[in-house]
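All values below were derived from every heavy atom in this structure, side-chain atoms included, with hydrogens, water molecules and symmetry-related copies excluded. Reminder, nothing fancy here: chain letters follow the sequence lines and each chain counts from 1. All values reported here derive from a predicted model rather than from experimental measurement.
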Amino acid sequence: MNNEVKVRFAPSPTGMMHIGNARTALITWLFTRANNGRFLLRIDDTDQERSKQEYEIAIEEGLTWIGMDWDEKTRQKDRMDIYNEKIEWLKEQGRLYPCYETPEELDLKRKSLLSRKLPPIYDREALSLTDEQKASFDAQGSKPHWRFKLEHEPIEWNDLVRGPVKFRGSDLSDPVLIREDGTPLYHLCSVIDDIEYGMTHIIRGEDHVSNTACHIQMFKAFGAQIPTFAHLPLLSDKEGSKLSKRHGSLSLRDLRKEGLDPMAVVSLMARLGSSDPIEPFANIEDVVKSFDLSKFSRATPKFDLDELYRLNTKILHNLSFTEVKDRLAELGLDKMDGEFWLAIQPNIKRLTDAKEWWRVAKGPVTPIIEDRNFALQAMELLPATPWDENTWQEWTKAVKEQTGRKGKQLFMPLRQALTGMDHGPELGQLLLLIGEENVKKRLQYSPE
RNA sequence: GUCCCGUUCGUCUAGUGGUUUAGGACACCGCCCUUUCACGGCGGCAACACGGGUUCAAAUCCCGUACGGGACGCCA
């Protein structure tokens, strides 16, 4: 007997890991780590039709990318024996009953109820089937699907996010637990695994709230202890409507491809919708330390990509060269060194901007020269190599004395000639990175 | 359609009937720093969805409306 916190994240491998899903995953994980608990990654792949291994791989990649890990991993596909065993037990308890309606018939029933302005809840017709009727269906070769018989009693729990939640059993349809082909469905597998793996807390999206009502009765039916539940609101888009995939690249894989730092994603997702300020974090351990599930609100937070990029910029501005070295290499900037990185770091918004400054230093650059004589004059005054950190000052001082230019009149033409741009990193540092050859070439540049 | 949830500055939120000229963070704007941009420092702007009610007193309690979300699958 121990009180160790045990939590799982249970995605179904039926699509790419979406930012909304990643948020739930991350919060679940942070809660576990903040409580020194055990984290289980459970692949809910009972839907053989839609589950794909490539998605399972993408999920693991995505989670790993944002810094998550897991103490254990399981796959529902591999646990069919256990489910079948529990199914038999449930049948013996009389909590499972066979139904012979076809999907079309059920659909018709729902539509009919809806048109009478009634909630489309299953009418339990199969419950009153006689043994003869069932035998007749079986004789005709009809295979039943099986529903869990809910008790029509109040269901209540204290949700860690939503507070006290109440349901009436009669407001819910008896959930189908077994398909016509005999395979178990989500509700069954999920509850069994939650029991078998000793989950103490179930943290998931609020799309599961009414499922929880059913699940609580299933936990009871199995004689298991009921875990603590927490249902997080789903994210909405900037405008406050449903987060849709149309709105652009919102899968973890896409965000990664965009060159975002995973800590930007973590920083935003760990704080969005909570009363703690959204701030850039350099490492996930600090996020764990400050994590508090009770600070999350019931309201639907808006997800704004711009906010993610802002955080990304701030995080980038604090990364040391060793931390970005590999990622720069991935961008083809394997020749960039620490000195270069330090010079351009304050001027980049995204890591990919580094490529632009590399180009500015190494060329090709189209210099902007409005006064050719001035540029040539400046070139004549260039100090002899080797250059060092004082060279810029020496040079501009000489140019100033010689030409009488000062301030913006002095510096802007030099910047434009050297970089072809009117903004950028400190020229003193840039000068060294561009190098004598390029500097001379650019100062002598003439169009055509 | 039915049930459930939500709605406080642009955004995330604090606030559980009087302590509130509604607080913070980010964004935005301004100033300073900087012989560019960025970084940094300082300051400013800015909100209780709407309508009723309860109360001496309401962002806070109740009812309704609007808007948004969720659920109502032999998906998870």
Side-chain angles (χ1 to χ4, degrees), chain A residues 10-15 21 44-47 49-51 76 99 101-103 106-107 110-111 113-122 143-147 159 161-163 165-168 171-173 175-187 189-190 204-211 213 231 233-236 238-243 268 271-280 295-304 306-307 310-311 313-314 317-318 344-349 396 400 405-412 414-416 419 421-427:
Chain A
S12 64
T14 53
N21 230 356
D44 281 10
D45 50 3
T46 51
D47 187 339
E49 295 278 302
R50 298 192 302 152
S51 295
Q76 293 192 324
C99 305
E101 296 94 343
T102 63
L106 290 172
D107 196 42
R110 274 190 290 268
K111 280 183 178 148
L113 286 164
L114 238 28
S115 70
R116 283 184 282 152
K117 299 179 193 273
L118 292 169
I121 294 171
Y122 178 59
K143 290 258 195 293
H145 57 278
W146 298 72
R147 287 183 190 263
D159 196 287
V161 174
R162 319 190 106 209
V165 182
K166 292 188 182 71
F167 270 88
R168 282 187 301 267
D171 286 340
L172 303 160
S173 288
V176 175
L177 261 40
I178 304 165
R179 291 186 179 88
E180 186 184 327
D181 66 6
T183 55
L185 257 359
Y186 163 72
H187 299 284
C189 305
S190 177
R204 53 191 3 173
E206 70 179 6
D207 50 334
H208 282 288
V209 174
S210 64
N211 288 340
H231 293 88
L234 274 16
L235 298 180
S236 73
K238 215 156 96 175
E239 281 77 37
S241 29
K242 203 173 160 169
L243 202 58
L268 182 58
R271 291 293 181 80
L272 180 65
S274 91
S275 56
D276 278 326
I278 296 165
E279 50 190 352
K295 290 190 171 172
F296 282 81
S297 127
R298 271 186 292 270
T300 311
K302 297 182 181 70
F303 171 74
D304 183 357
D306 294 339
E307 193 148 26
R310 278 199 292 270
L311 281 168
T313 300
K314 294 200 170 177
H317 288 167
N318 282 313
I344 64 160
Q345 184 175 32
N347 287 77
I348 63 175
K349 275 195 154 68
T396 52
K400 185 178 171 182
R405 290 194 189 220
K406 59 178 182 177
K408 200 170 178 178
Q409 294 305 308
L410 169 67
F411 295 96
M412 189 52 85
L414 293 177
R415 174 176 292 281
Q416 290 179 331
T419 68
M421 301 172 84
D422 54 14
H423 68 271
E426 297 282 350
L427 277 174

Spacing between [X] atom [atom1] and [N] atom [atom2], to the nearest angstrom:
| X | N | atom1 | atom2 | result |
| --- | --- | --- | --- | --- |
| Asp171(A) | G70(B) | CG | C1' | 15 Å |
| Arg179(A) | G73(B) | CZ | P | 15 Å |
| Lys111(A) | C72(B) | NZ | P | 16 Å |

Response to the item:
For nucleotides 29-49 of chain B, 5' to 3', base contacts (B), sugar-phosphate-only contacts (S) and non-contacts (-) with protein non-hydrogen atoms under 4.0 Å give ------BBBBS----------

Discussion item. Closest-nucleotide mapping onto RNA chain B: is Ala299(A) or Glu101(A) further toward the 5' terminus? I mean the 5' end.
Written reply: Ala299(A)

Worksheet entry | salt_bridge(Asp306(A), Arg310(A)) N-O dist < 4.0 Å | no

Worksheet item: Looking at Glu279(A) and Lys314(A), does any basic side-chain N land under 4.0 Å from a carboxylate oxygen?
Response: no

Worksheet entry | Arg110(A) side-chain N/O to G73(B) phosphate OP1/OP2 under 4.0 Å | yes

Worksheet item: When you check the phosphate oxygens OP1 and OP2 of G68(B), does a side-chain N or O of Ser236(A) lie under 4.0 Å from one of them?
Response: no

Worksheet item: If you look at every strand shown and take non-hydrogen atoms under 4.0 Å, does Glu180(A) touch a base, only sugar-phosphate, or nothing?
Response: base

Item to complete: Kindly indicate whether the side chain of Arg50(A) and the base of C75(B) share any N or O donor-acceptor pair separated by less than 3.5 Å?
Response: yes

Fill in: Residue Pro301(A), side-chain heavy atoms: nucleotide from G70(B), U7(B), C12(B) that is nearest
C12(B)

Item to complete: Taking only the side-chain heavy atoms of Leu185(A) (C-beta and beyond), determine which of U13(B), C12(B), A76(B) contains the nearest atom.
Response: A76(B)

Worksheet item: For the ring pair His231(A) and Phe296(A), is the centre-to-centre distance below 6.0 Å?
Response: no

Worksheet item: Quantified in whole Å, what is the C1' atom distance between nucleotide C67(B) and nucleotide A22(B)?
Response: 24 Å

